Amino acid sequence: MIVQSRKMENVPFSPIRKIFAEVDRMKKDGLDIISLGIGEPDFDTPSHITEAMAAATRGGATHYTANKGILALREAICRKLKVEDGLEYDPEEIICTVGVSEGVFVSLGSFLDPGDEVLVPDPSWVSYSHIPVMNGAVPKGYPLREENDFQIDVADLERLLTPKTKILVLLDPSNPVGSVQKKEALEKVAEFAVRNDLLVISDEIYEKIIYDGKTHISIASFPGMRERTIVLNGFAKAYAMTGWRIGYIAAPAELVAVMNRMHMYMVTHTGVQAQWGALAALEGPQDPVVEMVEEFRKRRDFVCRRIDSMEKVSCRVPGGAFYVFLNIRKTGMNAEEFTRFLLREAHVAVVPGTAFGVHGEGYVRISYAVSHENLEKAMDRMENALQSL
């Protein structure tokens with residue numbers, strides 16, 4: 001009998017994917033299910049990006065590239081980081097990855113040893129809790145609290161700190177809660193990281209999807225932070241390029257040297273056509289991004305307005321990304337029960353907050369990256385279902 005490795009024993013299949021497997025089964029049975037679960041823009045990739053990819057392919061861009069990616073793209077990423085984030089990098093300090101997902105795996109896997117501890121936001125994207133386990137390390141969730149507007153409280157980090165703590169993870173803006181960290185909060189986190197000599201992984205994939213005049217600040221820009229920060233970013237969310245699987249790592253050369261070895265053995269390099277598309281995304285017109293973000297803002301406002309009029313549920317208005325973290329505590333149901341209730345009674349699919357950590361109990365995540373028409377139907381169905389309680 002073939003037995004799985006011990007490192008995989010405590011790594012579950014993604015609860016999010018389980019939900020959507022159930023949704024697919026229900027749809028096959030002829031049910032009209034509206035999915036508010038997946039974090040994917042419903043827009044097509046802007047045409048100038050797809051045209052650039054096609055032109056590159058016709059021009060012979062069908063061969064291996066350097067492990068870190070084509071130089072033109074890495075140079076463009078450096079220009080973007082300097083202009084938009086005030087960060088100076090050399091192209092050799094950039095690795096183009098198979099989405100941010102590979103960046104998460106490579107950045108954690110390259111520096112964790114068995115027994116090391118990682119401070120992870122709770123709730124946060126599922127990979128950050130499970131990839132440390134694959135490496136024999138221990139994820140320790142620091143809470144993001146609704147009453148604190150989901151800002152990081154350094155006092156929580158201090159309580160979790162031990163001599164085994166090696167890495168601190170940030171998601172800003174956050175998936176799943178949609179918060180944008182304030183400058184004062186980030187300053188305190190940076191001071192904590194420097195004082196305790198921690199490596200910081202900063203996931204900034206939603207940085208362009210921010211509302212209400214808020215601004216994104218990379219923690220790598222604070223004093224003492226560039227040398228200890230791995231910045232993860234990509235093209236999936238802001239440019240509607242989820243299926244392209246193209247992201248990047250930016251970090252000091254000595255850290256990149258380690259990560260590039262893992263990257264090389266995992267994937268050799270990311271797809272060449274995706275790289276040329278990503279170059280066009282950075283260097284081409286940014287109007288489609290502005291238009292998408294404005295549409296997301298309208299959808300956010302609509303969803304939050306509708307939730308505000310419903311009984312037994314509530315939410316904070318998110319400052320970024322395209323998620324609402326819905327407080328369902330007054331329903332008397334836990335997160336998984338409420339998720340099943342909505343799916344059964346309203347034919348609306350959401351994600352239980354517990355998929356993102358123990359502090360997600362009492363919440364579900366709603367994605368408003370779907371059409372306004374579907375949002376209207378989903379909110380009507382949800383309101384009707386709640387009235388039956």
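All values below were derived from every heavy atom in this structure, side-chain atoms included, with hydrogens, water molecules and symmetry-related copies excluded. The structure presented is a predicted model; accordingly, all values stated were derived computationally and were not measured.
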If we only count heavy atoms from C-beta on, is the Arg306 to Phe302 side-chain gap below 4.5 Å?
yes

Using the salt bridge (charged side-chain N to carboxylate O under 4.0 Å, His left out) rule, take Asp85 and Lys80 through it: C-alpha gap first, then chi angles, then the decisive distance, then the call.
CA-CA 8 Å; Asp85 304 290; Lys80 178 268 176 209; 2.6 Å; yes

Are any side-chain N or O atoms of Lys7 and backbone N or O atoms of Gly136, one a donor and one an acceptor, separated by less than 3.5 Å? no

Do the side chain of Lys166 and the main chain of Phe111 share a donor and acceptor less than 3.5 angstrom apart?
yes

- Within-4.5 Å side-chain heavy-atom neighbours: Val317 and Arg300: yes

With distance as the sole criterion, is a donor-acceptor pair present between the side chains of Tyr211 and Asp301 under 3.5 Å?
no

Residues 171-187 vs side chain to side chain donor-acceptor pair (under 3.5 Å), sequence neighbours excluded, gives Asn175-Arg365

For this session: Look only at the side chain of Thr331 and the backbone of Lys312, and say whether a donor-acceptor pair between them is shorter than 3.5 Å.
Result: no

The reported gap from CZ in Arg74 to CD1 in Ile77 (rounded to nearest 0.5 angstrom) is 8.5 Å

Begin with the C-alpha distance, continue with both residues' side-chain angles, and end with the deciding distance and a verdict on side chain to side chain contact (heavy atoms under 4.5 Å, CB included) for Ile201 and Leu232.
CA-CA 7 Å; Ile201 297 175; Leu232 305 181; 3.7 Å; yes

Residue set satisfying side-chain contact (heavy atoms from CB on, under 4.5 Å) with Lys164, at least two apart, ordered chain then number -> Glu117, Thr162

Got Val106 and Thr97 here, is their nearest side-chain heavy-atom distance under 4.5 Å?
-> no

> With a 4.5 Å limit on heavy-atom distance, are the side chains of Ser221 and Leu87 in contact?
Replying inline: yes

Residue pairs meeting ring-ring contact (aromatic ring centres under 6.0 Å, His included), one or both in residues 40-60, sequence neighbours left out, come to Phe43-Phe296

Worked check of side chain to side chain contact (heavy atoms under 4.5 Å, CB included) between Val370 and Ser35:
CA-CA 8 Å; Val370 299; Ser35 175; over 6 Å; no

For Glu84, does the CD atom sit with more than 12 other heavy atoms under 6.0 Å from it, leaving out its own atoms?
-> yes

The side chain to side chain donor-acceptor pair (under 3.5 Å) partners of His130 (sequence neighbours excluded) come to none

Fill in: Ile167 side chain near Asp116 side chain, heavy-atom distance below 4.5 Å
no

Check your understanding: Ignoring hydrogens and geometry, is there a side-chain-to-backbone donor-acceptor pair from Asn135 to Ala137 under 3.5 Å?
Key -> no

When rounded to the nearest 0.5 Å, the distance separating CG of Leu81 from OG of Ser218 is 8.0 Å

Margin query: Apply salt bridge (charged side-chain N to carboxylate O under 4.0 Å, His left out) to residues Asp32 and Lys377 and explain how you reach the verdict.
Written below: CA-CA 11 Å; Asp32 177 25; Lys377 290 179 181 178; 5.4 Å; no

Counting distance only, does the side-chain N/O of Lys188 pair as donor-acceptor with the main-chain N or O of Val154 below 3.5 Å? no

In short, ring-ring contact (aromatic ring centres under 6.0 Å, His included) pairs touching residues 169-202 with sequence neighbours left out are none

Sorted by chain and number, sequence neighbours left out, side-chain contact (heavy atoms from CB on, under 4.5 Å) with Ala155 holds for Asp153, Arg159

Requested in this report: Find out whether Thr268 and Asn67 are in side-chain contact, i.e. whether some heavy atom of one side chain is under 4.5 Å from a heavy atom of the other.
Outcome: yes

Can you confirm if the NZ or CZ of Arg316 lies within 45° of the ring axis of Phe150 and under 6.0 Å from the centre of its six-membered ring?
no

Without swapping roles, check the side chain of Glu337 against the backbone of Asn334 for a donor-acceptor pair under 3.5 Å. yes

Residues at least two apart in sequence or cross-chain that pass side-chain contact (heavy atoms from CB on, under 4.5 Å) with Asp308, listed by chain then number, are none

Okay, side chain of Asp122, backbone of Tyr142: is any donor-acceptor separation there less than 3.5 Å? no

Show me, pair by pair, the donor-acceptor contacts under 3.5 angstrom made by side chains of residues 270-279, not counting sequence neighbours?
from, atom 1, to, atom 2, distance (Å)
Thr270, OG1, Arg245, O, 3.3
Gln273, NE2, Ala61, O, 3.3
Gln275, OE1, Ile70, N, 2.6
Gln275, NE2, Thr65, OG1, 3.4
Gln275, NE2, Thr270, O, 2.9

Exercise for review: Tell me, with the steps shown, if Ile34 and His347 meet side chain to side chain contact (heavy atoms under 4.5 Å, CB included).
Suggested key: CA-CA 6 Å; Ile34 298 175; His347 292 169; over 6 Å; no

| field | Audit row: Glu22, Arg25, salt bridge (charged side-chain N to carboxylate O under 4.0 Å, His left out) steps and yes/no | value | CA-CA 5 Å; Glu22 177 65 21; Arg25 285 192 292 270; 2.6 Å; yes

Donor-acceptor contacts under 3.5 Å from residues 319-329 side chains, at least two apart:
from, atom 1, to, atom 2, distance (Å)
Tyr323, OH, Tyr206, OH, 2.5
Asn327, OD1, Arg329, N, 3.1
Asn327, ND2, Glu146, OE1, 3.0

Fill in: Side chain Ser129, main chain Val126, donor-acceptor under 3.5 Å
no

When rounded to the nearest 0.5 Å, the distance separating OG of Ser107 from CE of Met259 is 7.0 Å

Taking side chain as C-beta onward, heavy atoms only, is Tyr363 less than 4.5 Å from Val177? no

Applied to residues 66-107, the ring-ring contact (aromatic ring centres under 6.0 Å, His included) test, sequence neighbours excluded, yields none

For residues 283-295, the side chain to side chain donor-acceptor pair (under 3.5 Å) pairs (sequence neighbours left out) are Arg79-Glu283, Tyr239-Gln286, Glu294-Arg297, Glu295-Arg299

Exercise. Under the 3.5 angstrom rule, does the side chain of Asn196 hit a backbone N or O of Leu198 as a donor-acceptor pair?
Worked result: no

Residues passing the side-chain contact (heavy atoms from CB on, under 4.5 Å) test with Val267, sequence neighbours excluded, are Val98, Glu102, His263

Exercise. Mark yes when over 12 heavy atoms from residues, nucleotides or ligands other than Asp212 sit less than 6.0 Å from its CG; otherwise mark no.
Key: yes

* Is there a donor in the side chain of Glu204 and an acceptor in the side chain of Ser202, or the other way round, less than 3.5 Å apart? -> yes

### Task
Answer yes or no: is there a donor N or O on one side and an acceptor on the other, between the side chain of Thr229 and the main chain of Arg226, under 3.5 Å?
no

Practice problem: I would like to know whether Lys68 and Glu92 meet side chain to side chain contact (heavy atoms under 4.5 Å, CB included); could you show each step before the answer? | Solution: CA-CA 8 Å; Lys68 294 178 182 177; Glu92 291 305 310; 3.1 Å; yes

